[in-house]
Undergrad: 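Take a look at the following structure, please.
Just so we're on the same page: letters track the sequence lines, and every chain starts at 1.
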Amino acid sequence: MAPTALQEKLNGLVNSMFAEGLLDEQFQQLQMLQDGSNPGFVAEVVTLFCEDSERILAELTKLMDQAVVDYSKVDAYVHQLKGSSSSVGAQNVKLACIQFRQFCEDNNKEGCMRALNVVKHEYYHLRSKFETMLHLENRIQAYETKQQS
Amino acid sequence: MGGGKERIEKGRRRVRGLLALQFKNGVNSWEDLDENLVGSCFPCGGILVGWLISPLSFPSSPPPPQRIQSSESKREPNQHQPNPSQPPPPLLLPFLHLPSSYDHSFIAAVVVEGNQQQQQQQQEVEEEGMTVEAEAPFHVLAVDDSLIDRKLIERLLKTSSYQVTTVESGSKALELLGFREDQSSTPSVSPNQHEIEVNLVITDYCMPGMTGYDLLKKIKGSSSLKDIPVVIMSSENVPSRISRCLEGGAEEFFLKPVQLSDLKRLRPHILKGKSNCKGQKQQQPQPENNNNNGSSSSSSSSSNNCSNNQSNKRKAMDAMDEGLSPGRTRPRFSSDSLTVV
């Protein structure tokens, strides 16, 4: 596919992510920080976010599996995930975390189980879009590198 | 590197423009020229600190017997290192031709202090409508337990032309700062080799172990560190937390996620912090700018230099009527980065 078509596809994808509420204004801030001297900044942050999130979700799953749930530990992890999703502009994930923390405060196990599932659902949905986004970016950059050589 | 050439070309045009204006305004001698231009800043990030080679004369005198450097079109900026004992310059300004309305063109060598981090500031410069901006790199220590937030704050700070060190905890931060629990007086002259000089600390509030507030209190309670401005960040908007931090001595409280526009609020605190440190540093004599040969302008008393060079820059700006805004930049000299082109 020609690079302009690729770029259009990428723009369309990112725009739809904004429209759906997957991403918020903070993601635009990240895009602004990416430039010629730091072409991989967004990709780097997105990748870090995904690794970090999966680590946290795994811990949360283990904690919620306990017979007696340690809500302060759970809350600490959700707080972390809320922070990182807020920093990258992952709006839906952030909102799901806020809900989750409310259930933690109330020590509501069922509420927490449901909230964890919502967070997971939102995260994996976002991740698949991020994967497509990075894939498109790589193809565009590969084309540009080829042009320059 | 295309970007670099463009910046150098901009620098060239700028200096040419400055000189042209000077001659137009009736500058008659190298001394006059020197006086008006020293302290001027360039888009590529350097500050004109003096003239190195000035046997060349004004049009009324005979032309020099030989050219010192080739013309700008053939010039490769990074190849010339006239003074081998100087470290490689981070940024160079190329040579100049004076306006061709004079009978001969001749070359001036320019002594420049520059820093590669200033290149990143160009976008900001253009946004603010300023032609030039030169800023000595202030060093910010960023403390956050979140890796993503560290990456983000690092990029934000570097984009805003700060030198950055990031650490993941308050205790690491104190270690870097050379904090010693029992300090009750000004520290002795020999610094701990792990100590770094920091112009501002920006820290997350919620961290395991030592919170940002705890770190703030430790810094403000230390005689050697108390003048370092501290900014606290938090993802939570809790008014009592905010006022507690401000009362504890924090300069600002940023809500996360921190944005580029927030960082503009750092500058006045850093500048204030620098002038607070003035009393602790040894005063050194002012650099001679008039008949200088470029080698004597180093000083670690940055705020003294600051006021002196601000007035030079203001003179330059008056002469040029370019509408540069005074007081925005604060040149700082160190012998490491003086370079001869």
Undergrad: If we check side chain to side chain contact (heavy atoms under 4.5 Å, CB included) with B:L152, which of these qualifies: A:V45, A:L48, A:L30?
TA: A:L30

Undergrad: Please classify the contact of A:F41 with chain B as side chain, backbone, both or neither, using a heavy-atom distance under 4.5 Å.
TA: side chain

Undergrad: Counting only heavy atoms from other residues, nucleotides and ligands, does the tally under 6.0 Å from NZ of B:K220 exceed 12?
TA: yes

Undergrad: For residues 56-69 of chain A, which side-chain N or O atoms pair as donor and acceptor with protein atoms under 3.5 Å away, sequence neighbours left out?
TA:
from	atom 1	to	atom 2	distance (Å)
A:T61	OG1	A:L57	O	2.7
A:T61	OG1	A:K120	NZ	2.9
A:Q66	NE2	A:K62	O	3.3

Undergrad: What's the spacing between A:Q80 CD and B:L147 CG if we round to 0.5 Å?
TA: 11.0 Å

Undergrad: Taking only residues at least two apart or on different chains, which pairs with a member in residues 23-34 of chain A satisfy side-chain hydrogen bond (donor to acceptor under 3.5 Å, both in side chains)?
TA: A:E25-B:Q259

Undergrad: Is the number of heavy atoms from other residues, nucleotides or ligands within 6.0 Å of NZ (A:K109) greater than 12?
TA: yes

Undergrad: Looking at side-chain heavy atoms only, is the closest gap between A:L33 and B:L260 below 4.5 Å?
TA: yes

Undergrad: How would you list, in number order, the residues of residues 229-239 of chain B that have a heavy atom less than 4.5 Å from chain A?
TA: B:S235, B:E236

Undergrad: Would you say the side chain of A:D52 lies within less than 4.5 Å of the side chain of B:I148, judging by non-hydrogen atoms?
TA: yes

Undergrad: About how many Å separate CG of A:D35 and CZ of B:R155, when rounded to the nearest 0.5 Å?
TA: 6.5 Å

Undergrad: Provide the closest heavy-atom pair for A:S87 versus B:P257 in the form atom of the first, atom of the second, distance.
TA: CA-CB, 4.1 Å

Undergrad: Quick check: under 4.5 Å, non-hydrogen atoms only, which of residues 88-104 of chain A neighbour chain B?
TA: A:V88, A:R101

